[in-house]
Protein chains: 2
Amino acid sequence: MCPARSKFPAPKTLSRRPRDSGDRTSDTIDHAALEHLLGFAIARADVHIRAAFQASIGDPFQLRPAEFSLLMLLLTNKAATQARLSEALAMSAPNLTTLVDRLVVRGLVERVRSEQDRRAQQLCLTTAGLDLASRAHALSTTMEDASLSGLCPAERAMLLELLHRVGTPRPV
Amino acid sequence: MCPARSKFPAPKTLSRRPRDSGDRTSDTIDHAALEHLLGFAIARADVHIRAAFQASIGDPFQLRPAEFSLLMLLLTNKAATQARLSEALAMSAPNLTTLVDRLVVRGLVERVRSEQDRRAQQLCLTTAGLDLASRAHALSTTMEDASLSGLCPAERAMLLELLHRVGTPRPV
DNA sequence: TATTGTTATACTCTATAACTATA
DNA sequence: TATAGTTATAGAGTATAACAATA
């Protein structure tokens, strides 16, 4: 829910017809030359996952994906520093600054100068921020259920595990 | 490799420490409140997959992800219409227009008015476009190997299959 | 010198309204 | 009246340089 993303256009629906000649001018598009790519599969799945987030959290709480991710990290990482959050969110420091600015204006987050290092800004959830983050987190546990309805619990766990291994190369 | 994407910031690396109290001000960020989300797992994996694309195809061929995806679709869908490509790429018609403009300027693609429907523009690869698309496709078959080195062939196939099922809800 | 955070800016991707020409 | 494509424009996400304050 959090790293900086790119833009791989993906189809909403796929034609899964058996392979034919290849030279066609039909009414459906054949994705043969893309289906072997994980990037393509990710892009397609992402369309649905994003829509689920938008409906369950984005619209109701007026939270962007990165804003939601930051609040989630603050739930378990009190007074985390912007530098470390920037790394954890794979977001540049300047872009994190403007994101935090928005949350501060809304009264959800506060910046506190670190005692140990006067350069660092520690981020803390306000009472309102903690309340909103808690409610958003509760909703997040089920928001993807519709998108994952085609998968049994074991498959769902397997998918998360496999993606995690792609996300962390060289598990050693 | 093709649908319009969003922006879920994702961490480059994950801390996987055993759960502790939760209230910490340590040197690593705990992602506990995000790890259950497919959107988060996708965002993380996507960082690596995008980097692989950029290195293997994006930089060498000066192709953006959406441009690459369009060329791949034209390999197996000759004279496809912009309307159908727009749908297949999950890209709005205006945005597809500017994308096609760039490829036309580079001499990779040509627009041909449909005989049956004078409103429609059919896209065709030029000789140069076919050559470039063919070489890009050849490279695409291995570009994700490094990112997927932690998965055996069966796991890789499983990952693609599971993602496909998320990408196409209600397989009936 | 190096690091933390900020400001400013530019570039890309995405989304929408308004228009044309065809159907 | 509806569809295919275009133009124009605005928004959101991302990336980088330059700077101040602190280490």
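Labels below follow one simple rule: chain letters A, B, ... track the order of the sequence lines, proteins then strands, and each chain is numbered from 1.
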Any side-chain N or O of A/Gln122 less than 4.0 Å from the OP1 or OP2 oxygen of C/dT4?
-> no
Hey, does the side chain of B/Arg113 come within less than 4.0 Å of D/dA4's phosphate (OP1/OP2), counting only N and O?
-> no
Do [X] and [Y] pair up side chain to side chain, a donor and an acceptor below 3.5 Å, judged on atom types alone?
X       : Y        : result
B/Thr98 : B/Asp101 : no
A/Asn95 : A/Ser92  : yes
B/Gln82 : B/Arg111 : yes

To the side chain of [X], which of [options] is closest?
X        : options               : value
A/Ala120 : D/dG5, C/dG5, D/dT7   : C/dG5
A/Gln121 : C/dG5, D/dT6, D/dG13  : C/dG5
A/Asn95  : D/dT14, C/dT14, D/dG5 : D/dT14
B/Pro65  : C/dC13, C/dT4, C/dT6  : C/dC13

For A/Ala93, which contact category applies under a 4.0 Å heavy-atom criterion: base, sugar-phosphate, or nothing?
-> base
Could you state the atom-to-atom distance from [atom1] of [X] to [atom2] of [N] in whole Å?
X        : N      : atom1 : atom2 : value
A/Leu63  : D/dA12 : CG    : C1'   : 15 Å
A/Arg50  : D/dA12 : CZ    : C1'   : 12 Å
B/Leu89  : C/dT14 : CG    : C1'   : 14 Å
A/Arg102 : C/dT7  : CZ    : P     : 14 Å
B/Asp101 : D/dT6  : CG    : P     : 7 Å
A/Gln54  : C/dT14 : CD    : P     : 15 Å
B/Leu99  : D/dT6  : CG    : P     : 12 Å
A/Phe68  : D/dA12 : CZ    : C1'   : 19 Å

Classify every nucleotide of nucleotides 18-23 of chain D by which part a protein heavy atom approaches to under 4.0 Å, writing B for the base, S for the sugar-phosphate alone and - for neither, in 5'-to-3' order.
-> ---BBS
Main-chain N/O of [Y] paired with [X] side-chain donor or acceptor, under 3.5 Å:
X        : Y        : value
A/Asn77  : B/Asp30  : yes
B/Glu155 : B/Cys152 : yes
B/Ser86  : B/Met91  : yes
A/His36  : A/Leu34  : no

For A/Ser92 and for B/Leu96, locate the closest nucleotide of DNA chain D by heavy-atom distance; then report the residue assigned to the nucleotide nearer the 5' terminus.
-> B/Leu96
